[in-house]
Each structure stands twice: as C-alpha cells, then as structure tokens.
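Notes follow the structure.
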Amino acid sequence: MDPRYDHKIVEPKIYKAWESSGFFNPDRLPTHYQLQPKNFTIVMPPPNANGRLHAGHALAMTVEDIMVRFRRMQGYKALWIPGADHAGFETQIVYEKKLEKEGRSRFQMKPDELFKEIMAFTLENKKHMEADVRSLGASCDWSREKFTLDTDVVKEVQRTFKKMFDDGLVYRGKRIVNWCIKHQTSLSDVETENVEEISRLYYFKYGPFTIATARPETKFADKYVVMHPDDEKYKAWNHGDKIEVEWINGPIQATVIKDPVIDPAFGTGAMTITPWHSQVDFELAEKYKLDIEQIIDWRGKLLPVANEFADTKISEAREKIVEKLKNKGLLVKVDDKYSHVVKRCYKCNTAIEPQVKDQWFVKMKPLAELAIKTVEDGKIKFIPENYEKIFLYWMRNTTDWNISRQIVWGIKIPAKICVKCGDGFADLENALRACVKCGLTGQVGELKEDTDTFDTWFSSGQWPLLALGYPAGADFKNFYPTNVMETGHDLIFKWIPRMVIFGLYLAKQVPFHTVYLHGLVNDAQGKKMSKSKGNVVSPIELADKYGTDALRMSLVVGNTPGTDLPLLEDKIRGYRNFSTKVWNIARFVLTGYRESSVSPAFTDEDKANDAGLAETKKIVTDYLEAYDLNQASSTIYHYVWHTFADKIIEAYKPRLAATENTADRAAAQATLMNILRGSLKMLHPFMPFVTEEIWSLMPGMKNQLIIEEW
RNA sequence: GCGCCCAUAGCUCAGUGGUAGAGCGUUCGAUUCACAUUCGAAAGGCUGCAGGUUCGAUCCCUGCUGGGCGCACCA
C-alpha cells in the first residue's frame, strides 16, 4: 500500500468503477439483492442544471448518499433517482444577464427563439452540475436521470393542469399579483422578500376627512374612503354616502365605505383605496363591487389618469404629487419615520408593484385539507419533528396559488383565453376554437393561446411522481411512494407542501413517508453565503483539497437536521486526518498480514473485541435507521479512532510481533482483519472512497464494498 | 401582530430525567514505531435568568431576558 492516501487519484477511479459495475441501478444488483423484497427510494431534489453545486447541495448529496448506501448494503433494492432542474425563473434571469452583456434583450426576441437558446445553454451547463454530483460520491442511478423539461414530464404536467381544470381546482381569475417591473412577470409569495423600510406617511385632506398614505402616486383615482363601522370619529357618515372632494386633479365624487378591516387607531382611521395596486383594497373592491382602475402600468410608470404625471416613474412622481397637493392646501402633515414592510423581488430586489392581472390560480383549500389530514394522521414523518407544526401552520393559512408566469423558460400552460370575456380553458389538444362561456349566451368569443408558463413549483411539486414515470411507468408501480424526501428546511413552504398535495391528488398516496430537512450551510462566520457578499465557498474545491470523504464527514458529524451549520475548513481538515488515520490502520493491518495454515486460537481478548465491534454496529445501525446521521457517524468515528486504532491495535502489537505463525498470532491477525472489515463497512456510507479503495486491497475480497452485506 | 427555533467549554456545535461530550483552539509530556503526524495527559462549564413538577431537572412545564428565522399585515 502507498504510504499516503491520495484522494485525487483514488476518487475518480473508484467512482468510475462503481458506475461500470452498475450497482447504482437497483435492477443490476447481484442476485441476493433481488431476493430482498424491500425497496428503498429517494428522489433527488434536482439541482439547477445551470449551476455548479453549492455547499447546501454537498450536504444534501452526502445525507442522501449515506441513506442510500446504508440501505443498499442492508440488501434493499436501493434507488436514488438523480435529476436536473430547468429552474424556470432562476435560469431565465441568468440568461437575461448574459443577454444584457451581449447587448441583447429578451423583449426583442421571439419567445421560441429565446426558449431554444436557453435550452441549449442549460443542456450545455448540465454536464458540470452532473460532474459535481459525481465528485461528491453520489451513488445515484444515472440511467434513470430526469430533466424537468423532458418531453414526458412536460406532457404530464400539462395533463395535470387539464385534470385540475376539469375538477374545478384551477380557475382563471383577476387577482392581485406580485408584479416585478424589471422581470415583467408575476411572482408567487415565496418569490418575494419582505423588507422592513422606513418611509414617509403623508396625511392629506380628502373632503371632510384626513387620510394617510405612503403611496401618494397611486391615489389619482381613489374615489372610496373607508373607515371602521364602529369608529366614533366618523359616525356622522354612513356606508354609501356620497361626498364631494377636491382631489389631485380637481373635484371628484367619493363614496363612504364602512368595513371592519380598517384599524381606527392607525393614521386617522380613514383611508382611500386603490384596488388595482393593493391586496387589501382589492379585497374591499371585490366585497362591495367597487370600480377598479389601473394607475401604474406594467413598467412602473403612471398611466394617463395621472394627467401631467403620466409616463413618469413612480419614484419620481411621488414628491411632485405631494408638492402639488401641498400647493392645493391638501397636505396636512408628513410622518417621516413610518416603518412598514415592502415586498421586493427576491432576485433583483426591485419593489414589487401589486397589479391586477388575469392569471391561473390553484384553489388551495380542498388540497390543503387533504394534506393536513394526511399529516395529522401521521402518514408523513418530519425530521426534525417540529417542522410538522410549521407545515400545518402554513397549510392552514394558505391562499390560492398563482401559477401563471410571464416568462418563456418553462412549461407552457396549455390553455386558451377568450379575447371577449377574458375567461380561460384548458386545452391539451389545441382543439378549442371558440369560447365556451360566450357560446352559452349565443355569442362568439375568439380564443387566443395562453402564452404564459407554469410557476416552477407547479411542475417540481409533481417531481416525485414525474421522476418515477407517473402514471404508467414501471418505476412508479414499484417505487412509489418513496421513502425519504431530503431537502433544505427553507423548502418547507416552497416545495414540500406542493409535493404532498400533488401526490395525494394525483396518486392518492403520499409521495414520501419521511421528510428529512437539513440545515442551511453558512460560511465560517455563520453568515448566509451569497454571491454579492463574496463569501461563497465551493464544496468542490474543499473536496479537492481535503478529499470528498473528509468533506462529507464534516457535514454530518455534529450536525443535526433542521439546524443551520457553518462550513468550517478546520473541521474538514480534522476529518482529512481521520481518513489518513483509516488509511494507516489498514496499512498496519494489511502490511503485516501473512497467510497462515495454523488454525487460530482465539483469546478472551479477541472475543471481547469482536463483541465490541458487533455492539458498535448495532448502535450505528439503530441510529441510521432513525436517520440520526450525527450520532451514527460520531459513534463510528470514535470507535475506529479511539477504540480500534488507539486501544486494540496498540494492544495487539506484541502478539503480531511473533516471527512464527503461531496459533495466537493467527488469532490476533484474524481479529484485527475482522474489525477492519467491520469498520470499513460501517464507514462506507459516510466515507465511500477511502473505504472502497482499502477494501479493494484486502486479501480475498471479491465484491466491491458498495454491495457488501451490512 | 402571529408562528417556529435557539441560549451548554475560548470558538463551532452535539447530547441525556441520575450533577455534561466532540471538533478546533490552549497547556504539559512522549514519539527512529501504521500515521503530512500521532500518542498520553491536563486546564477549561452554577448547561441564559426566575419559578414549578420530581427522590432527583441541563433535559419536562410556566414566566422572563437575549438572539435567529418564517409568515402576515395598517392606508
């Protein structure tokens, strides 16, 4: 054996050997595995095809690989399906930046051309992502790899839409959406960030009232003034009263609305509403069937209703409008320390402009109820447990889900929209020619194709089904429901609920029995890694420096699910030393190894040490079965280093020093070999490379360690 | 405002109803030995604060203080 373990040479060699042996594919496992009736399945959360893996992926790959390798060695038909995510909005933004650099813009391109370009770009980059997954030692079945824009995936996602449309679970509706004026698309709530801001709160005279607003630029068409029904200050007015008001662009007639959503203690207790650009206002408008009018266009500029301010950006218009109101004597006061929360685009940080738009929505209530019941019945186990509470809390407070996106890089919504009445219809076969709804009233509604694409989570929510070939695929029959969904705890809202819902809705069964949520990997200071902060550490570079095994150990030892962890280089170095230790243990045991014809005479010490190994294995197995990777890995680590190396080997040195092949020497040697074998097996899921390499150097080993019996 | 989590060694974090552990760091010693090092030893903790349950609480409960995160809002 080489005096030093060189991971740079060994790792690629070993991974290649695993791939060519075919054991990542459960169908190609040796015979005794085929007899094992139990499956173990994990569907990999597909990494973005466009990017390299980050530290969070490294943790995910490590955790999932440990689970899969453990079960494979136990004799399960272990299936881990890799995937690649087209990552809709994310990727389109990356590509738009590229276009920007080249002096182009997506708004000057034909949608299908843009789509083709992004596809080529994505498929080209996908190789790098896959290489990263391999370098982390992931024992996933590449022959089953799925891309989220594979033809069958696209077709099935569209079929789901049709089914939901037929079942009345999706509807076309005018609703407030989160509109990003930069990206020219609506965003779901999880794609926006709430940022606390200090702004000015302006108080204006509005007829007999004083109203407060942070957004004077939206107020041109405000013609409803709202107050709480029980507010003593305003008891002189009744719901529906008409009043004459001198307003920004002259006198208008306003209507009094009384509604309990108003907080009498905020501002003056009276406000005017702008239903097109505010969620609450929109809801009021719906409730009382009020007129709604768009004030700000899709690019964030004022519309002609603003008269002389038309075509001005809202940020520029604000102070000018305040100035005008001040000159008209309508400005009462300004509070410049008003703290409130503003929604921003999670990608470009642009302030979200609430807009009313015709979009497709998923009716969440009945689906959420399905999910709640299933989880309450204990059909899905959360690790750590408290995430069940978070899941339920979110599911109980969910609102309808806007699934329309105005970007090309995604799965097209197979629908037709009526030009006349604005209603929409699912249309998979491109068969609809005229509006059904208008047809009922004897009119002809011309239809146009919906050019929008699905929110990425609409398709990724179906991923466990799609990756297994739902509904007709053999894998779906054999491997659904999967055992574990392992992903970051930040996806407890974004992804997990949608997968549960689609699983229950489409397959009538949970998509997975266990949800394992790992923490987020931060930098050494515990700060979130981000490109803008420049503190991103590549797991691939660290693995290159210290070995993948060392990186993997550092990510699981002392780390608990659900808790964020810092990526500490010192810690990785510590486990690099451990892999060196393992290598040297093997060197010591194997280089002194001599074939012996003498039958060994085992001592009490030997028996005690064999028993110690068995006991350790039992403990580790129990931990692994409970998905406690921290305890499992810590236990092995201490056993191998501080029991096997420090105590047992030291104690056996005199017995091995015998020059003759005595029965005692044979016993000592056999015992050490047995403990080495057992240790390598236990370590293999955690440190697959160094253990497999040592295993190949052991005398009389026919199989790869990856398929050795646990 | 609502919800969730955390508080343990210098740092980063585990853990358990029976007066606490790891990695890194620190100190001392050993090392021609399988060891890009390793081995042996040591120092270091009123387990955030105050109550309660218990024979016994770091662990379970309540409150408080201090942090983190998520959600939702009021113009």
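Nothing here was measured: the structure is a model prediction, and the numbers come from that model. All heavy atoms count here, side chains included; hydrogens, waters and symmetry mates do not. Numbered from 1 within each chain, the chains take letters A, B, ... in sequence-line order.
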Using the [atom1] atom as the reference point in each nucleotide, state the distance between [N] and [M] in Å, no decimals.
N: A9(B); M: A72(B); atom1: P; answer: 36 Å
N: C61(B); M: U54(B); atom1: P; answer: 16 Å
N: G23(B); M: C59(B); atom1: P; answer: 26 Å
N: C13(B); M: U65(B); atom1: C1'; answer: 23 Å
N: G25(B); M: U12(B); atom1: C1'; answer: 11 Å
N: G40(B); M: U31(B); atom1: C1'; answer: 11 Å
N: G51(B); M: A43(B); atom1: P; answer: 32 Å
N: G44(B); M: C6(B); atom1: P; answer: 30 Å

Check: Could Glu193(A) and Lys343(A) be called an ion pair, given the rule that one side-chain N must be under 4.0 Å from one carboxylate O?
Finding: no

Check: Pick one: which of Tyr393(A), Phe391(A), Trp394(A) meets ring-ring contact (aromatic ring centres under 6.0 Å, His included) with Phe493(A)?
Finding: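 That would be Trp394(A).
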
Can a side chain N or O of [X] be found less than 4.0 Å away from OP1 or OP2 on [N]?
X: Lys581(A); N: C39(B); result: yes
X: Lys389(A); N: C5(B); result: yes
X: Asn577(A); N: U38(B); result: yes
X: Thr563(A); N: A14(B); result: yes
X: Thr591(A); N: A34(B); result: no

Identify which nucleotide among [options] has an atom closest to any side-chain atom of [X], counting heavy atoms from C-beta outward.
X: Phe493(A); options: A72(B), G23(B), C71(B); result: C71(B)
X: Lys653(A); options: A34(B), C39(B), C4(B); result: A34(B)
X: His638(A); options: C13(B), A22(B), C24(B); result: A22(B)
X: Ile390(A); options: A72(B), A34(B), C4(B); result: C4(B)
X: Ile649(A); options: G23(B), A14(B), A34(B); result: A34(B)
X: Tyr393(A); options: U38(B), C2(B), C13(B); result: C2(B)
X: Asp646(A); options: C5(B), C39(B), C24(B); result: C39(B)

Check every strand shown and say whether [X] touches a base, only sugar-phosphate, or nothing at a heavy-atom separation below 4.0 Å.
X: His489(A); result: nothing
X: Ser634(A); result: nothing
X: Ala214(A); result: sugar-phosphate
X: Glu650(A); result: base
X: Ala265(A); result: nothing
X: Ile262(A); result: base
X: Arg576(A); result: sugar-phosphate

Could you give the [atom1]-to-[atom2] distance, from [X] to [N], as a whole number of Å?
X: Ile648(A); N: A34(B); atom1: CD1; atom2: P; result: 18 Å
X: Phe578(A); N: C24(B); atom1: CZ; atom2: C1'; result: 17 Å
X: Asn397(A); N: C4(B); atom1: CG; atom2: P; result: 12 Å
X: Leu565(A); N: U12(B); atom1: CG; atom2: P; result: 13 Å
X: Asp570(A); N: G25(B); atom1: CG; atom2: P; result: 6 Å
X: Leu568(A); N: C24(B); atom1: CG; atom2: P; result: 12 Å
X: Asp490(A); N: G70(B); atom1: CG; atom2: C1'; result: 11 Å
X: Ile352(A); N: A72(B); atom1: CD1; atom2: P; result: 13 Å

Item checked: Check: A72(B) base within 3.5 Å donor-acceptor of Gln279(A) side chain -> no

Margin query: Given the structure, check if the side chain of Lys571(A) and the base of A22(B) hold any donor-acceptor pair shorter than 3.5 Å.
Written below: no

Nucleotide paired to [N] in any strand shown, Watson-Crick or G-U, under 3.5 Å:
N: G66(B); answer: C6(B)
N: A34(B); answer: none
N: U54(B); answer: none
N: A22(B); answer: U12(B)
N: A72(B); answer: none

Check: Does Lys343(A) or Ile585(A) map to a spot on RNA chain B nearer the 5' end, using the closest nucleotide for each?
Finding: Ile585(A)

Note to self: Reading RNA chain B from 5' onward, which residue's closest nucleotide shows up sooner: Thr560(A) or Ala270(A)?
What the structure shows: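 Comparing both residues, the 5'-ward one is Thr560(A).
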
Notebook entry, point to check: Are the aromatic rings of Trp276(A) and Phe282(A) close, with centres under 6.0 Å apart?
Noted result: no

Notebook entry, point to check: Taking the six-membered ring for Trp, are Tyr224(A) and Tyr288(A) ring centroids under 6.0 Å apart?
Noted result: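 Aromatic pair excluded; centres sit 6.0 Å or further apart.
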
Note to self: Using modelled atom types and a 3.5 Å cut-off, is there a donor and acceptor pairing between side-chain atoms of Ser278(A) and backbone atoms of Thr274(A)?
What the structure shows: no

Next item on the list: Report the residue from Asp241(A), Ile243(A), Ile257(A) that forms a side-chain contact (heavy atoms from CB on, under 4.5 Å) with Val225(A).
Entry: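 The passing option is Ile243(A).
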
Next item on the list: Check the angle between the aromatic planes of Phe220(A) and Phe309(A) and answer parallel, tilted or perpendicular using the 30° and 60° thresholds.
Entry: tilted

Note to self: Parallel, tilted or perpendicular, judged at 30° and 60°: which one describes the rings of Trp457(A) and Trp495(A)?
What the structure shows: tilted

Check: Would Tyr546(A) and Glu569(A) count as having a side-chain donor-acceptor pair, cut-off 3.5 Å?
Finding: yes

